[in-house]
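So you know, we letter chains A, B, ... as the sequences are listed, proteins then strands, and number each from 1.
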Amino acid sequence: MSTPSAEFALNPLDVLRERFAGAISRLYAGTPGEGQDPLIAASKNPKFGDYQCNAAMALGKLVGKPPREVAEALLKAVEIGDIAEPLTGANIAGPGFINITLRADALATLLSRLDTADLGLPAPAKRERVVVDLCGVNLAKQMHVGHLRSTVIGDTIARALSRAGAEVIRQNHVGDWGLPIAMVIAALIREHGTGDPAKYLHELDQLDRAYKRAQAECKGHDELVEAVRHCGSPKLAAEWEDELKQATAAEAKLADAKRTLMALQNREPTELAVWKRIYAVTMAECLRVAAELSADVRDEHSAGESSYAEELGPVVDELLRRGVAEESQGAVVVRVEGIAEPCLIRKSDGAFLYATTDVCAIRRRVQKLGAARVVYCVDARQSLHFRQVFGAAERAGYTALPGGEKATLMHAAFGTILGEDGRPFKTRTGENVRLTALLQEAEERALAAALSRNPDLEPAEQKKVAHAVAVAAIRYTDLSTERIKDYVFSFDRMLAFEGNTGPYLLYALVRVRSIFRKAAERGVDAVKESGAALRIGEPAEKALALALLRYPQTVRDVAQTCEPHRLCAYLYELAGAFAVFFDQCPVLAAKDEGTRAARLSLCRLTERVLADGLGVLGIPLVDRM
RNA sequence: GCCCCGGUAGCUCAAUUGGAUAGAGCUUUGGUCUUCGGAACCAAAGGUUGCAGGUUCGAGUCCUGCCCGGGGUACCA
């Protein structure tokens, strides 16, 4: 996420940072203050100017002079006359803050640099390769609310990285292997025989039911039953007859599942055919749901657990041989510094675990795919698991890139979606809420709300608008707060359309677009005029311009930190700045043609940044709503 | 027990990673508008940032100890 050199910078922060750094190094060469960060920041309060330099306090400490004296020296030494109003003693405030106000013409120049095809985010010469682990579909299960955050946040992080110039490889770590799947396969073969599974298996709902059935059938083996069985009392055994029968049946089913798992691992045609069918049926449905949420998760992003099956044994053996792993209580573990619980990579019965797969995944992603960064967009409850796996991979040397540099592993953890009761979000019957159901209800509500405000909405457009607003509401809610925090799911709040919501941002886009539509109706050549020179006069124009200039760095920050809520907050502020501008600065009815053209340019740029930003959030765009 | 995460206005959340008087939205009250979409804009009201110490020019942010809530804690994924 490199920043452009200040010479071509469009971000005032970059320009000011460079100029003040220059002044500091000239003034304090050879002193402890020489390398002091200029500490340039956008001012929170307009009365402190547009930007501020906060370095004088730290410098004062370093060179043993009063901070205000340092500030005085700084503002005399720094050369920013080309972009800022002249600095005088009046610009020094408080303990030594230097307040800076940009010149209107400089603002226009900077804005024109933003007005390029890439909106200030040119592709860097060296594109960093990043793997984003997202979505996490499970075979034989519908996409439900438990997949929402990984899909939406992961997709947005991937988009931000890509927009900031990274080469992104999305990886859907599909849960397509292991005993649970074997249980389903075993159950299906018992129920339908060994014939072609395509003949009886058509949709995911069948599998969803089969999965639950298989889970239930294999359960029933608890410690109480075990105790009764072993106590040898005929009386107790008679009383517990049903439970014992159930347990015996469950054990048989479980044994069947384990046999099936072995068969699957040996690529037996019957089991493999059922597995393939389950895979096809599941993915067709789940990828369609992902697409409806405008998440870019496609078949080629799938890298299921099954694809690591062949690597597990050799990796564990290798780690044992190299002394990275050790035997412990019959199992194989990798001990990780600073964590009490070791990372378990082979069970005492010889089977592998999900940690084994994840260690192999790191090896593949870094050493084969060449990822300099791997971002895991996974539930925060997996935090310990990833600390263990990252530590194990590190010890194994799997985080070393082919060139020798070390890859960065990051768990972009997110909190839980809660119901109104504060417990994890479920249906009244305790089921997981399906994403299709969620989306459908959101669309119905969105349509009703849209029609109540805009009854003239063309029937042909209604479906598109309802979908865009629903996706905007759902995604924005999920993205707009810090991802580590839990949130309570509420249709009412996300579709309230007032304040900080996805629909509000769409509304801002619709309003700016309607200006151009109106322009066309009135015969104004908006395309030509909006290419006119920018001119910043009114306070509302200036505030909008300052907001626009922050866009590229905001996207880079989101890519760096994997925190989409920063982009949400930015876009909300931009939408707010535009709303004020829209309120106070007539565009088509501007007092003269020059002003109209300049304002059309500002509108065009606002439209482009809003659309681009909404695109990074994965929110579908509309012209009307 | 140990580990991780959270605690900010009545409610939902921010706070540019240590900067000025902690900001938005919702709610409430009042106001703006013969004008490009009122899903708007402006203003008022609302705070011991869980508690107590510490670090320093400066702490919601960092360090220590407590309190409350959630989660995780060796052979499920």
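Heavy atoms of Leu344(A) sit under 4.0 angstrom from at least one base atom. Residue contacts shown for Phe97(A) include a base, since a base heavy atom lies under 4.0 Å away. At a threshold of 4.0 angstrom between heavy atoms, the contacts of Arg453(A) include nucleobase atoms, whether or not backbone atoms are also involved. Using a 4.0 Å heavy-atom criterion, one finds that Phe582(A) contacts the bases of the nucleic acid, with or without backbone contacts as well. At the heavy-atom level, Ala519(A) lies nowhere under 4.0 Å from the strands shown. Nucleic acid contact for Ala579(A): sugar-phosphate only, since backbone atoms but no base atoms lie under 4.0 Å from a heavy atom of the residue. Across all strands, Asn99(A) comes closer than 4.0 Å to base atoms (heavy-atom distances). Among the atoms of the strands shown, none is found under 4.0 Å from any heavy atom of Asp557(A). At the heavy-atom level, Val332(A) lies nowhere under 4.0 Å from the strands shown. Note on Glu563(A): a base of the nucleic acid sits closer than 4.0 angstrom, heavy atoms only. Within 4.0 Å (heavy atoms only), Pro503(A) reaches no atom of the nucleic acid at all. Using a 4.0 Å heavy-atom cutoff across all strands shown, Thr501(A) reaches no nucleic acid atom at all. Residue-level contact check: Ala41(A) touches neither bases nor backbone, having no heavy atom under 4.0 Å from any strand. When heavy atoms are screened at a 4.0 angstrom cut-off, Arg624(A) is found touching base atoms of the nucleic acid.
Checking G19(B), G37(B), U73(B) against every side-chain atom of Leu384(A), the shortest atom distance belongs to U73(B). Considering only side-chain atoms of Ser328(A), the nucleotide from A40(B), A74(B), C36(B) that sits closest is A74(B). Among the nucleotides U27(B), G19(B), G37(B), the one closest to the side chain of Glu498(A) is U27(B). Of the candidate nucleotides G19(B), U16(B), A77(B), U16(B) has the atom nearest to the side chain of Ala42(A). Of the listed nucleotides (C4(B), A77(B), C36(B)), C4(B) has the atom at the smallest distance from the side chain of Arg387(A). In the set A74(B), G19(B), C36(B), G19(B) carries the atom at the smallest distance from any side-chain atom of Met57(A). Closest to the side chain of Ala331(A), from the set A74(B), G72(B), A14(B), is A74(B). The side chain of Glu341(A) sits closest to U73(B) out of U73(B), A77(B), C42(B). Checking G19(B), C42(B), C4(B) against every side-chain atom of Ser383(A), the shortest atom distance belongs to C4(B). In this structure, of C26(B), C36(B), A74(B), it is C36(B) that holds the atom nearest to the side chain of Val587(A).
Annotation: of the two residues near RNA chain B, Arg493(A) and Val510(A), the 5′-most nearest-nucleotide partner is Arg493(A). Sequence order on RNA chain B of the closest nucleotides to Gln382(A) and Lys518(A) puts Lys518(A) first from the 5' end.
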Check the pair Glu458(A) / Arg624(A) against salt bridge (charged side-chain N to carboxylate O under 4.0 Å, His left out), numbers first and verdict last.
CA-CA 10 Å; Glu458(A) 300 278 335; Arg624(A) 287 173 243 258; over 6 Å; no
Evaluation steps, side chain to side chain donor-acceptor pair (under 3.5 Å), between Tyr308(A) and Asp358(A):
CA-CA 9 Å; Tyr308(A) 297 97; Asp358(A) 274 327; over 6 Å; no
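A sub-4.0 Å separation between OP1 or OP2 of A15(B) and a side-chain N or O of His565(A) is present. Within the structure, every side-chain polar atom (N or O) of Arg381(A) is placed at least 4.0 Å from both OP1 and OP2 of C4(B). Within the 4.0 Å cut-off from OP1 or OP2 of G37(B), at least one side-chain nitrogen or oxygen of Ser514(A) is found. Contact between the side-chain N/O atoms of Lys44(A) and the OP1/OP2 oxygens of A22(B) is not found at any separation under 4.0 Å. At the phosphate of C41(B), OP1 or OP2 sits under 4.0 Å from a side-chain N or O atom of Tyr504(A). Proximity of Lys485(A) to the phosphate of G7(B): a side-chain N or O atom is located under 4.0 Å from OP1 or OP2.
Comparing the C1' positions of G54(B) and A59(B) gives a spacing of 11 Å, expressed to the nearest Å. Across U29(B) and G18(B), the matching P atoms stand 41 Å from one another, rounded to whole Å. Straight-line distance between the P atoms of U55(B) and A14(B): roughly 31 Å, to the nearest whole Å. C66(B) and G1(B) have their P atoms separated by 11 Å, with the value rounded to a whole Å. Comparing C62(B) with A9(B), their C1' atoms sit 26 Å apart, to the nearest whole Å. For the P atoms, the distance from U27(B) to C42(B) is 16 Å, rounded to whole Å. Here, C41(B) and U35(B) have their C1' atoms 14 Å apart, quoted to the whole Å. To the nearest whole angstrom, the two P atoms, one in G60(B) and one in G19(B), are 10 Å apart.
A 3.5 Å limit on both hydrogen-bonding distances identifies G31(B) as the Watson-Crick or G-U partner of C41(B). The partner of A22(B), taking Watson-Crick or G-U wobble pairs whose two distances both stay under 3.5 Å, does not exist in any strand shown. Across all strands shown, nothing is found opposite A14(B) as a Watson-Crick or G-U wobble partner with both distances under 3.5 Å. Pair check for G65(B) finds C51(B); Watson-Crick or G-U wobble, both atom distances under 3.5 Å.
The main-chain N or O of Gly33(A) is never found under 3.5 Å from a side-chain atom of Gln36(A) such that the two would form a donor-acceptor pair. Between the side chain of Asp50(A) and the backbone N or O of Leu102(A) there is at least one donor-acceptor pair closer than 3.5 Å. Side chain of Glu420(A) to backbone of Val488(A): no donor-acceptor contact under 3.5 angstrom is found. No side-chain donor-acceptor contact under 3.5 Å links Asn99(A) to the backbone of Gln52(A). Judged purely by atom type and a 3.5 angstrom limit, Asn172(A) uses its side chain to pair as donor or acceptor with the backbone of Gly136(A).
G25(B) atom P lies 22 Å from atom OH of Tyr487(A), rounded to whole Å. The interatomic distance linking Asn500(A) (CG) with C26(B) (P) rounds to 10 Å, in whole Å. We find that CD of Glu482(A) is positioned 20 Å from P of G70(B), with the value rounded to whole Å. Here the C1' atom of nucleotide A39(B) and the OH atom of Tyr572(A) are 12 Å apart, to the nearest Å. Rounding to whole angstrom units, CG of residue Asp37(A) and P of U16(B) are separated by 15 Å.
Here Tyr354(A) and Phe352(A) keep their ring centres 6.0 angstrom or further from each other.
For A77(B), its base sits under 3.5 Å from the side chain of Tyr354(A) at one donor and acceptor pair at least.
Counting only heavy atoms from C-beta outward, the side chains of Tyr504(A) and Glu498(A) never approach each other to under 4.5 Å.
With 3.5 Å as the limit, one finds a donor-acceptor pair spanning the side chains of Tyr487(A) and Asp478(A).
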